[in-house]
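What you see is a predicted model, and the numbers here were worked out from it, not measured in a lab. Residue numbers start from 1 in every chain, and the chains themselves are labelled A, B, ... in the order their sequence lines are given, proteins ahead of strands.
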Amino acid sequence: MQYFLDRIRIAVAEATRTPPDQIRVEQPRDASKGDFAVPCFVLAKAANANPAQFAAELATKLAGDLIEMEVAVAGPFLNFRVERGELAKRTIESILDAGLSFGSSEEGRTKRIVIDMSSPNIAKPMSVGHLRSTVIGAAVKRLHKFLGFETFGINHIGDWGSQFGKLVAAVRRWGGGVDLENDPIKALLDLYVRYHEEEGKDPSLDEEARAAFRELESGVDGEVRAIWRRLTELSLAEFEKIYARLGVEFDLVRGEAYYETHLDATVQRIVDAGITEESQGALIVDLESIKKGMPPCLLRKTDGTTLYATRDLAAVFERWELHHFERCLYVVGMDQRLHFQQLKAVLKRLELFWEPRVVHVDFGMLRLPEGKMSTRKGRVVFLDDVLDRAVQEARRIIVEKNPGLADLDRVAEQVGVGAVVFNDLKRERVKDIEFVWEEVLSFEGETGPYVQYTHARLSSILRKAKESGEGAVPPDWGAVGDAASVLLSLGRFPQVVRSAAEHAEPSEVTQYLLGLCRETNSWYASTRVLGEAPPATAARLALVAAIQTVLATGLGLLGLAAPAEM
RNA sequence: GCGCCGGUAGCUCAGCUGGAUAGAGCGUUGGCCUCCGAAGCCAAAGGUCACAGGUUCGAAUCCUGUCCGGCGCACCA
């Protein structure tokens, strides 16, 4: 499709003697107007002419140039309609030539993208809330990789901070009665909830927790540290199971605790830069000069221990030294927006030129119908349960609709998990989501299984064609003339991928796939592929193969499987 | 109180860096499997694009203000 866009842009540029990059070629919302359009308002203004008249004159100038398309004048718009056979041939052949790499590129070569994603907290269950960071991060990573970037995904585990003092204190007090081996996450959650229940009644608990964290941070290798280490191991093992189901991998899994030994140097570096000050006994960086009203960044508390921000600074410094990243993306919820603004503000005060490359890829919060999720109150939906129920539902439907399916377990897993993942990537990142079981477990309409199903049907046709040997004649491209909207969508795929990566917005891909499936299914319902005149069948089979390829690629980028049968 | 984000059909959302008559899904109603997979397709109904100003040839889209909702605001992460 880029081909046609370029043809139009260059022709118009020459005819109007305007630089090509200033010519805007768009696709009309209303397909009946044409495949492409050039609004002439701006061009006419530059020529000091009436837009409609300008368009009409331009059309006559273009007449000889663009032989493969019709040029029509509609008031101030110039509409282009590509000859159907030409549109089909160019689009389909470029996709089938490239195969699964259609839409990929090398434009990111030598550039490195660091992505901080998932980053759950130790000793807490992974909730559907963490799913967003994991799934968005993984998709953003794949998108970049597809465009040739070197990607580096980091799971920055929350294994440090005063909350672990609380947990260690809780384990010491009540740990004997809790089964940490069998269902460790559940047991830890119970401890966590119990701590917060009893904290109010028993002030000594708080002191114990503080003491425990002080000991932890002092580096003493005693009982506190042993307990902490055990909690970490148990949690990581549980997390791994979920990542395996989601098909998510990291290049580095590292707890915040790692930065323990870097903290003094980090603080020193900032002190040496002369931007710190003492305030109410704490060590801070004032940020008023960056943005009026922004709260200061705390590096050290009154008691000398460090904070989240200190550790994130240590981490970002190291990431820069190691990767010299093009961008460092933090896929973290919106509730931490201020934190990242402060982080960037400190980098600004340090006058680090790479500060703009640090980007907070934020996303909206997930709520339950009964209110905000709260680990402390035990009001959470566990990710494992969601996946299990979705897979169970997928299995039920498969048994009902496709009882003969050979690989039931595997496909049910692919479809069920796919539904959950797709559902999370469907909307724009910034939007808050209310978690509704009914919606997550729905497999109809704008869902992952809908896309997978479309893919499976196309695969089915291709399978049958292979068996019967159809399609082995030169195609009659005119036979897919009724699929123009599908062809135009297929042609857009590379731009969609590029835009989604740039904006770190996987929903651009999900929305695109839904549209492509809608158009495909509509076409499919009205046009027969197999058993038609051989050249027609050949062309339609090629189209089916092209769509199937793009769907498979798109699903893959989002982290969904594309089963051939379901 | 201050700051950030959102507000489009009954519900959930698209609407591409401002362009031609604002589109889907769910739900509702009515159709379509002797034909490549009905997890599908077709059709109908459903809109003061929160509200008020402004910029522009042109605003759901940009600016200002108001209202509503979410989130955040120094020793949690």
* Worked check of side-chain contact (heavy atoms from CB on, under 4.5 Å) between A/Met373 and A/Arg367 -> CA-CA 6 Å; A/Met373 291 216 286; A/Arg367 281 190 318 279; over 6 Å; no
* Can you list the residues that meet the side-chain contact (heavy atoms from CB on, under 4.5 Å) rule with A/Ala31, with sequence neighbours excluded? -> none
* Check the angle between the aromatic planes of A/Tyr512 and A/Phe493 and answer parallel, tilted or perpendicular using the 30° and 60° thresholds. => tilted
Between N or O atoms, less than 3.5 Å apart, protein on one side and nucleotides 68-72 of chain B on the other: list the pairs.
unit_1, atom_1, unit_2, atom_2, d
B/G70, O2', A/Asp432, OD2, 2.9
B/G72, OP1, A/Lys372, NZ, 3.4

* Asked: When all nucleic acid strands are considered with a 4.0 Å heavy-atom cut-off, which category describes A/Ser522: base, sugar-phosphate, or nothing?
  -> sugar-phosphate
* Any side-chain heavy-atom pair from A/Ile154 and A/Val253 closer than 4.5 angstrom? -> no
* Parallel, tilted or perpendicular for A/Tyr259 and A/His262, by the 30°/60° rule? -> perpendicular
* Asked: Given that both pair distances must be under 3.5 Å and the pair must be Watson-Crick or G-U, what runs of three or more consecutive pairs involve RNA chain B?
  -> B:1-7 with B:67-73, B:10-13 with B:23-26, B:28-32 with B:40-44, B:50-54 with B:62-66
* Asked: Looking across every strand, which nucleic acid part, if any, lies under 4.0 Å from A/Glu256 by heavy atom: base, sugar-phosphate, or nothing?
  -> sugar-phosphate
* Describe, in one word, how the ring planes of A/Phe213 and A/Trp160 are oriented to each other, choosing from parallel (under 30°), tilted (30 to 60°) and perpendicular (over 60°). => perpendicular
* Candidate nucleotides B/A39, B/G37, B/A14, ranked by approach to the side chain of A/Pro449 - the nearest -> B/A39
* **Sugar-phosphate only, base, or nothing, as touched by A/Met566 at under 4.0 Å among non-hydrogen atoms** => base
Donor-acceptor pairs are to be reported for all side-chain atoms of residues 21-28 of chain A against protein atoms at under 3.5 Å, with residues two or more places apart or in another chain.
unit_1, atom_1, unit_2, atom_2, d
A/Arg24, NE, A/Glu26, OE1, 3.4

Quick test: give all pairs of protein nitrogen or oxygen and nucleotides 25-28 of chain B nitrogen or oxygen below 3.5 Å, distance rounded to 0.1 Å.
unit_1, atom_1, unit_2, atom_2, d
B/G25, O4', A/Glu446, OE2, 3.3
B/G25, O2', A/Glu446, N, 3.3

* Asked: At under 4.0 Å between heavy atoms, what does A/Ala456 touch on the DNA or RNA strands: base, sugar-phosphate, or nothing?
  -> base
Between the protein and nucleotides 19-21 of chain B, list the N/O to N/O atom pairs that are separated by less than 3.5 angstrom.
unit_1, atom_1, unit_2, atom_2, d
B/A20, OP2, A/Arg29, NH2, 3.3
B/A20, N6, A/Asn79, OD1, 2.9
B/A20, N1, A/Asn79, OD1, 3.1
B/A20, N1, A/Asn79, ND2, 3.1

* To do: Report which part of the nucleic acid A/Glu434 touches: base, sugar-phosphate, or nothing (heavy-atom distance under 4.0 Å, all strands).
  => nothing
* To do: Could you check whether A/Thr447 gets within reach of a base, just the sugar-phosphate, or nothing at all, counting any heavy atom under 4.0 Å?
  => nothing
* Asked: Which label fits B/C33, syn or anti, where anti is any glycosidic angle not within 90° of 0?
  -> syn
* Asked: Which part of the nucleic acid, if any, lies within reach of A/Leu298 when heavy atoms closer than 4.0 Å are counted: base, sugar-phosphate only, or nothing?
  -> base
* To do: Name the nucleic acid region contacted by A/Gln27, choosing base, sugar-phosphate or nothing; use a 4.0 angstrom heavy-atom cut-off, strictly under.
  => base
* How is A/Asn121 classified with respect to the nucleic acid when contacts are heavy atoms under 4.0 Å: base, sugar-phosphate, or nothing? -> sugar-phosphate
* Asked: Looking across every strand, which nucleic acid part, if any, lies under 4.0 Å from A/Ile433 by heavy atom: base, sugar-phosphate, or nothing?
  -> nothing
